[in-house]
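Order of listing sets the numbers, starting from 1, for every ligand and every atom in it. All values below were derived from every heavy atom in this structure, side-chain atoms included, with hydrogens, water molecules and symmetry-related copies excluded.
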Amino acid sequence: MHAAVVHSFDELPRYDVREAPVARTPDEVVVDVLAAGLHPRVRSGADGTHYTSDGTLPMVPGVDGVGRTPEGDLVYFVASDDAPGTMAEQALVDRRRAITLPVDADPVTVAAAMNPGMSSWVALRRRVDLQPGGSVLVLGATGNAGQLAVQIARHLGASRVIGAGRDAQRLDLVASLGADEVVSLDGDGVADRLGRVAGDVDVVVDYLWGQPTEQAMKAVLMARTDRSRPLAWVQIGSMAGSEIALPSFLLRAANLSILGSGQGSVTTAGIVAELPALAALVASDELTIDALPVPLAEVERAWTTPTRPGQRLVLVP
Ligand SMILES: NC(=O)c1ccc[n+]([C@@H]2O[C@H](COP(=O)([O-])OP(=O)(O)OC[C@H]3O[C@@H](n4cnc5c(N)ncnc54)[C@H](OP(=O)(O)O)[C@@H]3O)[C@@H](O)[C@H]2O)c1
């Protein structure tokens, strides 16, 4: 079969030939892949920098996808950690990590949105107790996951959603997706702006970390009307840095909980249990999803094609 293959972490994946996978257990099935998203997690796996990377080459990138089972079912699946990647004509699927999609679901849309959508969906459903009427700040709202987080927070009952990002034009887009307020993280006065608009939020969904988080955490905590009001700060991505400096007084001066959401902090079973509801939402018309399909044979072009903000490349075998 054909697949995208990484031969060296310094080079782009190439369209190449690999042996088709074979089911190893009764739980596994080989599916025909219809679409696989090119997520940041896929890029970091393909260049060897993801924290789960064990350096084994050659490797097929791809962590999830939409496929057709031998029985003809349309499924969304998350690849097992020890299975080849999903950017191939065929992929090995553990049925316990797959869900059946509505027959009319668009494979490209589902492949584009499930991974970025899951980041906030799982965080808000499994890691924090978002009460109906609660408020959410999305830090890094201009990316794919951030734009979906704004929409998903609203869908899950937040009454106030604030999007923060560094690009003014892209923030306009976030506002058009339903954010009540947007805050620019660019230029002077960021702390004042954030404190004014987001001082009393209940949950922060953080895709940035690094310097913007250091600044935002202090700004939000210092601006709280009631510092004993719980604030759950959920670490999800690290687009702006992998570390922060955290002054100890912030933990004493306000009712702050810092936690993360991702593979490990939520069990695989917990993540899979959330997939059907998210897939139903993705397959409905409620979310704005911008997917750009590219043939698998053009994988090198896909890797280097610039995308619009919020647009997700999807490889189509
Ligand atoms: N934990 C999980 O479950 C999970 C699941 C999915 C994704 N993630 C993570 O979530 C993060 C975002 O994923 P994505 O799919 O949304 O990626 P994406 O579509 O590439 O978007 C990344 C966004 O980060 C912004 N950004 C980068 N550096 C920044 C900085 N220094 N200051 C402010 N904004 C900055 C970019 O802003 P500009 O538009 O200004 O460039 C862009 O909007 C990634 O780290 C990904 O690995 C985590």
Side-chain angles (χ1 to χ4, degrees), residues 37-47 49-53 61-64 78-79 111-128 137-152 163-174 177 179 182-187 190 193-194 204-216 233-244 258-268 270-272 274-275 278 282 287-292 302-303 305-314:
L38 180 40
H39 316 299
R41 163 73 184 81
V42 176
R43 288 184 190 272
S44 60
D47 66 19
T49 59
H50 193 261
Y51 66 90
T52 59
S53 178
V63 295
D64 67 351
V78 178
M114 288 298 284
N115 170 279
M118 229 185 306
S119 65
S120 55
W121 182 279
V122 170
L124 294 173
R125 295 258 309 152
R126 295 264 161 176
R127 296 296 282 153
V128 297
L137 165 64
V138 180
L139 203 55
T142 52
N144 240 281
Q147 290 183 19
L148 285 169
V150 166
Q151 302 174 71
I152 285 170
R166 64 180 174 184
D167 185 299
Q169 258 184 329
R170 296 174 188 190
L171 281 174
D172 288 344
L173 180 63
V174 173
L177 294 174
V182 291
V183 181
S184 170
L185 299 176
D186 194 28
V190 174
R193 283 196 292 280
L194 268 175
V204 177
V205 174
D206 186 351
Y207 291 101
L208 299 180
W209 215 239
Q211 187 275 338
T213 293
E214 288 174 5
Q215 187 175 40
W233 199 287
V234 197
Q235 205 305 308
I236 297 185
S238 39
M239 297 304 303
S242 57
E243 292 171 11
I244 58 165
I258 303 174
L259 65 172
S261 183
Q263 261 178 299
S265 54
V266 182
T267 61
T268 301
I271 293 174
V272 172
E274 297 298 335
L275 294 179
L278 177 59
V282 164
L287 301 179
T288 300
I289 296 161
D290 186 3
L292 177 61
W303 234 259
T305 295
T307 48
R308 285 194 299 268
Q311 188 174 53
R312 177 61 29 102
L313 272 153
V314 176

*Let me know which protein residues bring a heavy atom to under 4.0 Å of ligand 1; chain then number is fine for ordering.*
Pro40, Asn115, Ser119, Thr142, Gly143, Asn144, Ala145, Arg166, Asp167, Arg170, Tyr207, Leu208, Ile236, Gly237, Ser238, Met239, Ala240, Ser261, Gly262, Arg312

*Looking only at heavy atoms, which two atoms of Ser261 and Arg127 are closest? And how far apart?*
OG-CG, 3.5 Å

*salt bridge (Lys or Arg N to Asp or Glu O under 4.0 Å) partners for Arg125, two or more places apart*: Glu274

_I'd like to know if Asp290 pairs up with Arg312 as an ion pair, taking the criterion as any Lys NZ or Arg NE/NH1/NH2 lying under 4.0 Å from an Asp or Glu carboxylate oxygen._
no

_Exercise: identify the closest heavy-atom pair between Ala123 and Val234_ = CB-CG1, 4.0 Å

*Which residues share a side chain to side chain contact (heavy atoms under 4.5 Å, CB included) with Gln211, sequence neighbours left out*: Gln215

*asked:* Holding to side chain to side chain contact (heavy atoms under 4.5 Å, CB included), I want the full list of residues that pass it with Ala79, two or more places apart in sequence or in another chain.
replied: Thr86

